[in-house]
Student: 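Structure in structure tokens, see below.
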Number of protein chains: 2
Amino acid sequence: MKITQEADYALRIILFLTKAGMNARNDAKTVSESEGVPSRFTLKILRKLTKAGLTKSYRGVGGGYSLGKPPETITFKDVIEAIDGPIYINRCLYDKEFCNLHRTNTCDIHRELGKVRKTLIEELEALNFKDLMRDSK
Amino acid sequence: MKITQEADYALRIILFLTKAGMNARNDAKTVSESEGVPSRFTLKILRKLTKAGLTKSYRGVGGGYSLGKPPETITFKDVIEAIDGPIYINRCLYDKEFCNLHRTNTCDIHRELGKVRKTLIEELEALNFKDLMRDSK
DNA sequence: ACAAAAGTATACCTACTTGGTACACTTTTA
DNA sequence: TAAAAGTGTACCAAGTAGGTATACTTTTGT
């Protein structure tokens, strides 16, 4: 029932870039040192975030990373899914082969967990990084 | 962001015992075969549930398991926590040593994840097994 | 009394996932 | 054209999940 350490790091990294401002470039080393994330690992995370469009990367001398879109359009859900993949609280709901009862459609347990998942996702979608900045003042 | 397979099994087992009725005894083999849970593993799960007071066990010939308390007092949260331990969506919130920034109290990310966790728990607490039976009719 | 039917306790094993690193590469700018 | 950046792929070690094995204790029927 946890997000991974990697997704947690990613949230911190996006927050860092948000604070730096939309157009600022920060290289991976700066990000890594500011947020206490191992440097190689930072690069790996930033690659996933860039692939998802949440950050932009610039190569070569003077390169680095910035936000890929305005912070009010980046949600916790976006970041977590960019790193950990789709959010499910129960494996059966996305991998029906895994349900060894093969009764996914009718199982009461899974129907209820599906509802819980839905509100969890809605909550994570409601959390964007612009609001986060505002609230922290 | 998932409950374990074991907790999923446990939910099914409690539902099975709820359907059997408060005072019915079912031995581990019956439960295992009905719910498609490996038999040794069923025993392991039932021991955890018994320890948590969610089931009662009876030893010896004619023994078995029954619910430990009325189904309206058993929630999804109870079952999941009996198996997987306390629900946290972020490790930092329960193991501050793990937070390599050591700024748990002020970290904006973790404050927000704490709120999400709270509503998640409230939702799981609102789901009890008597209601589940009623709704499935 | 005692055998059989149940549950209990502890330890173990294997496979997968997580967190992280290494290495060889490409792009960009001064 | 060298140095400073990011990219891609593969690898590795530790931890966790899922499940099994072995040896026990308790209860009941005969």
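Quick note on labels: first sequence line is chain A, next is B, and so on, each numbered from 1.
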Student: Look at the side chain of A:Tyr65 and decide which nucleotide, out of C:dG19, D:dT7, D:dA21, has an atom nearest to it.
Tutor: D:dT7
Student: Name all residues meeting the side-chain contact (heavy atoms from CB on, under 4.5 Å) criterion together with B:Leu15; count only those two or more places apart in sequence or in a different chain, and write none if there are none.
Tutor: A:Asp108, A:Ile109, B:Lys19, B:Phe129, B:Leu132, B:Met133
Student: If I take atom CD1 in residue B:Ile45 and atom P in nucleotide D:dG19, what distance separates them, rounded to the nearest angstrom?
Tutor: 8 Å
Student: Hey, can you pull the residues of residues 54-62 of chain A with a non-hydrogen atom under 4.0 angstrom from DNA chain C?
Tutor: A:Arg59, A:Gly60, A:Val61
Student: Report the distance from atom CD1 of A:Ile83 to atom C1' of C:dG19, rounded to the nearest whole Å.
Tutor: 13 Å
Student: Could you report the tightest heavy-atom contact between A:Ile83 and A:Ala10, atom names first, then the distance?
Tutor: CG1-CB, 3.6 Å
Student: Apply side chain to side chain donor-acceptor pair (under 3.5 Å) to A:Ser32 and list each qualifying residue two or more places apart in sequence or on a separate chain.
Tutor: none
Student: Return each pair, listed once, that meets salt bridge (Lys or Arg N to Asp or Glu O under 4.0 Å) where at least one residue sits in residues 37-52 of chain A; pairs must be two or more places apart or across chains.
Tutor: A:Glu6-A:Lys48
Student: Round to the nearest Å and state the distance from A:Lys48 atom NZ to D:dG8 atom C1'.
Tutor: 13 Å
Student: The criterion is side-chain contact (heavy atoms from CB on, under 4.5 Å); which residues satisfy it with A:Asn26, sequence neighbours excluded?
Tutor: A:Phe16, A:Leu17, A:Ala20, A:Ala24, A:Thr30, A:Val31
Student: Choose from D:dT22, D:dG18, D:dA5 the nucleotide whose nearest atom is closest to any side-chain atom of A:Asp27.
Tutor: D:dA5
Student: Specify the closest pair of heavy atoms between A:Ile3 and B:Met1, including all atoms of both residues, with the distance to one decimal.
Tutor: CG2-SD, 3.5 Å
Student: Using atom CG of A:Leu43 as one end and atom C1' of D:dA10 as the other, report the distance to the nearest whole Å.
Tutor: 16 Å
Student: Of the nucleotides C:dT21, D:dG6, C:dA9, which one has an atom closest to the side chain of B:Arg47?
Tutor: C:dA9
Student: So which one's nearest nucleotide on DNA chain C is more toward 5', B:Gly63 or A:Ile3?
Tutor: B:Gly63
Student: With sequence neighbours excluded, tell me which residues meet side chain to side chain donor-acceptor pair (under 3.5 Å) with A:Lys29.
Tutor: none
Student: Check every atom of C:dT8, D:dG19, D:dT22 against the side chain of B:Pro38 and return the nucleotide holding the closest atom.
Tutor: D:dG19
Student: Show me, pair by pair, the donor-acceptor contacts under 3.5 angstrom made by side chains of residues 53-71 of chain A, not counting sequence neighbours?
Tutor:
from    : atom 1 : to      : atom 2 : distance (Å)
A:Thr55 : OG1    : A:Thr50 : N      : 3.1
A:Thr55 : OG1    : A:Thr50 : OG1    : 2.9

Student: Can you tell me the distance, in whole Å, between the CG atom of A:Leu46 and the P atom of D:dG8?
Tutor: 13 Å
Student: What salt bridge (Lys or Arg N to Asp or Glu O under 4.0 Å) pairs are there with at least one residue in residues 71-85 of chain A, not counting sequence neighbours?
Tutor: A:Lys77-A:Glu81, A:Lys77-A:Glu125
Student: Distance check needed: D:dT22 P versus B:Arg40 CZ, whole Å only.
Tutor: 8 Å
Student: What's the closest nucleotide to the side chain of B:Phe41 if the choices are D:dT20, D:dG6, C:dC23?
Tutor: D:dT20
Student: C:dT10 C1' sits how many Å from B:Lys51 NZ, rounded?
Tutor: 11 Å
Student: Give me, pair by pair, the N or O atoms of the protein and of nucleotides 12-18 of chain C that are less than 3.5 Å apart, along with how far apart they are.
Tutor:
none

